[in-house]
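Chain naming here is simple, since letters A, B, ... match the order of the sequence lines and numbering starts at 1 in each.
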2 protein chains.
Amino acid sequence: MEVFLSSSRPLRADARRNREALLSAARQAFLGGDADAHVEDIARSAGVAVGTLYRHFETRDALIEEVYRKEVDDLCTEPGVLLDQHAPEEALRRFLLLLVDHAAVGKGMSGVLESIMATDSPVFDDARTRMAGALSLLLEAGSAAGTVRDDVTGPTLLRALGGICGMRATAGWLVEARQITALLFDGLRHGAPQAP
Amino acid sequence: MEVFLSSSRPLRADARRNREALLSAARQAFLGGDADAHVEDIARSAGVAVGTLYRHFETRDALIEEVYRKEVDDLCTEPGVLLDQHAPEEALRRFLLLLVDHAAVGKGMSGVLESIMATDSPVFDDARTRMAGALSLLLEAGSAAGTVRDDVTGPTLLRALGGICGMRATAGWLVEARQITALLFDGLRHGAPQAP
DNA sequence: CCATAAGGTGAGTCCGGTTCCGTTTACGTG
DNA sequence: CACGTAAACGGAACCGGACTCACCTTATGG
């Protein structure tokens, strides 16, 4: 149980390299769908020994948590990029599908995600908040352009997506999730029939 | 990896007793919220040795699966009882809240539930089907009595509940889940404003 | 170039699920 | 009521995998 001071001096060059390699190896493993990849393997494929892994991450779960956090970070930068390249409506559509596909990562890590949630770690609150922010950005752009209805907020949409991605882990879930997301998107477009 | 022939002769008296004791001990443990109770402990508190546990259940997960299945069985008999004692509307209300509280059991077993789902074991399909049936029974009784709207089916309602119970594991989820369920119930009552 | 503290290593520990085989026990039969 | 036997039980041993620790290596600032 190492203690990591948040105000420590910058890492030594090799240390930073190894840390990076570990995160990327772990990401690789979990994206590959191997939810219970062994630490030994992750360490080896990063070219270091387990001891090094444990120097950087308190536990296996902490490593996964970090991978998850980075993944969320990356996703949250996407809306900006998409809005540069596409009309708001299309950007929104792409982002929704991106999120669903991304839930595949969650699938690989589901057991741990549960345990993280149970731990009340702030990671999830953070993730939720940032993700809702990302969605809001898209929704606002769309409603400003008049192509997306303006009575749905980021957090609401996130909740809907959460429900969809909760389907994870039954066979064929991805296809179904994509369909439902497409429906959801249609409902978000301006001019869709609205409940009074 | 024992093989259990489905058409084996009835268990010996002591064997049945022990099996029962094991299930009840396991149930106790998981209801108590200890998601990762040790097999050793479960066996001991059932008054047997681990070997005996493994004679009856192929693996730890199999034991949990069985507990879950029994739990669902029990729940599915409730609607009948409730309909005997209450008006359909009230029976429905009570059953919905019962289900939410019951999700607490699910919480204790969440990790395993995930892994069962991932295993494509038929347990979940069964559970879903039976549960939807139980809900249908209540909905039909209610709509026959004219107190519950008739355009919602058991499977649909189950899906909605699934979403609510998916909230499991964040602090305070139970309170929130109860609230949302109450809202849901109000929406189900005949005469509630309906989307066109 | 040296001192030194940061970083790395990997065999070993611990822990918990699972197995295996010798012993005990229920129960049908003579 | 023995008795034989298959069924059931016990629990020490096994094994796989996360985590530790005592010792070695190396980056880096002076």
Side-chain angles (χ1 to χ4, degrees), chain A residues 1-26 29-30 34-67 108-109 111-112 114-116 119, chain B residues 1-26 29-30 34-67 108-109 111-112 114-116 119:
Chain A
M1 287 292 172
E2 283 272 332
V3 175
F4 293 80
L5 298 174
S6 47
S7 61
S8 61
R9 68 185 56 188
L11 290 173
R12 227 168 69 176
D14 54 344
R16 190 155 26 70
R17 232 178 1 251
N18 285 335
R19 179 168 225 282
E20 227 51 49
L22 280 165
L23 279 171
S24 133
F30 295 126
D34 187 2
D36 29 50
H38 303 327
V39 285
E40 199 85 38
D41 295 344
I42 294 176
R44 182 172 29 255
S45 79
V48 302
V50 273
T52 302
L53 189 154
Y54 281 96
R55 166 168 300 272
H56 289 289
F57 306 96
E58 294 204 41
T59 105
R60 182 175 180 280
D61 285 6
L63 169 59
I64 298 180
E65 187 175 312
E66 194 61 34
V67 170
M109 321 196 324
V112 186
E114 289 278 339
S115 74
I116 291 175
T119 318
Chain B
M1 286 290 173
E2 283 270 332
V3 175
F4 292 80
L5 298 173
S6 46
S7 61
S8 61
R9 67 187 57 191
L11 289 174
R12 229 168 67 175
D14 55 344
R16 189 155 27 72
R17 236 185 349 259
N18 285 335
R19 179 169 224 283
E20 229 52 48
L22 280 164
L23 279 171
S24 131
F30 295 125
D34 187 2
D36 30 49
H38 302 326
V39 286
E40 199 83 32
D41 296 342
I42 293 176
R44 184 173 28 254
S45 79
V48 301
V50 273
T52 302
L53 189 154
Y54 279 96
R55 164 164 302 268
H56 291 289
F57 307 96
E58 294 204 39
T59 97
R60 183 175 180 279
D61 284 7
L63 169 60
I64 297 180
E65 187 175 312
E66 194 60 34
V67 171
M109 321 195 325
V112 187
E114 289 276 343
S115 74
I116 291 175
T119 318

Asks: Once hydrogens and angles are ignored, does a donor-acceptor distance under 3.5 Å link the base of dT25(C) to the side chain of Arg12(B)?
Replies: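 When only heavy-atom distances are counted, Arg12(B) does reach the base of dT25(C) through a donor-acceptor pair under 3.5 Å.
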
Asks: May I have the distance from Phe57(A) (atom CZ) to dG7(C) (atom C1'), rounded to whole angstrom?
Replies: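 Computing the Phe57(A):CZ to dG7(C):C1' distance gives 14 Å.
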
Asks: To the nearest 0.5 Å, what is the distance between CD1 on Ile42(B) and CD1 on Ile64(B)?
Replies: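 Ile42(B) CD1 to Ile64(B) CD1: 6.5 Å, rounded to 0.5 Å.
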
Asks: CG of Leu11(A) versus P of dA5(C): gap in Å, rounded?
Replies: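 These atoms are roughly 18 Å apart.
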
Asks: Rounded off to whole Å, could you give me the CZ-to-C1' distance for the Arg44(A) and dG17(D) pair?
Replies: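 Value for this atom pair: 13 Å.
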
Asks: So does Tyr54(B) get a side-chain nitrogen or oxygen closer than 4.0 Å to the phosphate oxygens (OP1/OP2) of dT18(C)?
Replies: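 Looking at the OP1 and OP2 atoms of dT18(C), one of them is under 4.0 Å from a side-chain N or O of Tyr54(B).
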
Asks: Within the 4.0 Å heavy-atom criterion, would you say Val39(B) contacts the bases, only the backbone, or no part of the nucleic acid?
Replies: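 Val39(B): base contact, heavy atoms under 4.0 Å.
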
Asks: It should be established whether His38(A) places a side-chain nitrogen or oxygen under 4.0 Å from OP1 or OP2 of nucleotide dA18(D).
Replies: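 Result: yes.
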
Asks: For Val48(B), report the nucleic acid contact type (base, sugar-phosphate, nothing); a contact means any heavy atom under 4.0 Å.
Replies: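 Sugar-phosphate contact only - Val48(B) comes under 4.0 Å of backbone atoms but never of a base.
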
Asks: Roughly how many Å is it from CG in Asp36(B) to P in dG17(C), rounded to a whole number?
Replies: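 Checked: the CG to P distance equals 9 Å.
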
Asks: Can you tell me the distance, in whole Å, between the CZ atom of Arg55(A) and the P atom of dC23(D)?
Replies: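 Rounding to the nearest Å, CZ of Arg55(A) and P of dC23(D) are 16 Å apart.
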
Asks: What distance do Asp36(A) atom CG and Asp34(A) atom CG have between them, rounded to the nearest 0.5 Å?
Replies: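 Rounded to the nearest 0.5 Å, the CG-CG separation comes to 5.5 Å.
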
Asks: When rounded to the nearest 0.5 angstrom, what distance separates CG in Leu23(B) from CG in Leu63(B)?
Replies: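 Leu23(B) atom CG to Leu63(B) atom CG measures 6.5 Å (nearest 0.5 Å).
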
Asks: Whole Å only: how far is the CD atom of Glu40(B) from the P atom of dT19(C)?
Replies: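 It is 15 Å, rounded to the nearest whole Å.
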
Asks: Nearest 0.5 angstrom please: Arg17(A) CZ to Leu22(A) CG, how far?
Replies: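 Here the interatomic distance stands at 12.5 Å.
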
Asks: To the nearest Å, give me how far apart CG (Asn18(A)) and P (dG10(C)) are.
Replies: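 For the pair Asn18(A) CG and dG10(C) P, the rounded distance is 13 Å.
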
Asks: Under 4.0 Å between a side-chain N or O of His56(B) and OP1 or OP2 of dC9(D)?
Replies: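 So the side chain of His56(B) is within the cut-off, an N or O lying under 4.0 Å from OP1 or OP2 of dC9(D).
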
Asks: Look up atom CZ in Arg19(A) and atom CZ in Arg12(A), then write down how far apart they are to the nearest 0.5 Å.
Replies: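 Going from CZ on Arg19(A) over to CZ on Arg12(A), the span is 15.5 Å.
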
Asks: Pick the closest DNA chain C nucleotide for Asp14(B) and for Ala15(A) by heavy atoms, then say which residue is nearer the 5' end.
Replies: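 With Asp14(B) and Ala15(A) compared, the 5'-side residue is Ala15(A).
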
Asks: Round to the nearest Å and state the distance from Asp41(B) atom CG to dG16(C) atom P.
Replies: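 Rounded to the whole Å, the gap is 9 Å.
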
Asks: Between Thr52(B) and dA8(D), does any side-chain N or O lie under 4.0 Å from OP1 or OP2?
Replies: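 Answer no for this pair, as no side-chain N or O of Thr52(B) is under 4.0 Å from OP1 or OP2.
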
Asks: Would you mind telling me which residue lines up with the more 5' stretch of DNA chain D, Val50(A) or Arg16(B), judged by nearest nucleotide?
Replies: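 Its nucleotide being nearer the 5' end, the pick is Arg16(B).
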
Asks: Under the 3.5 Å rule, do the base of dG17(C) and the side chain of Arg60(B) count as making a donor-acceptor pair?
Replies: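 By the distance-only test, no, there is no pair.
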
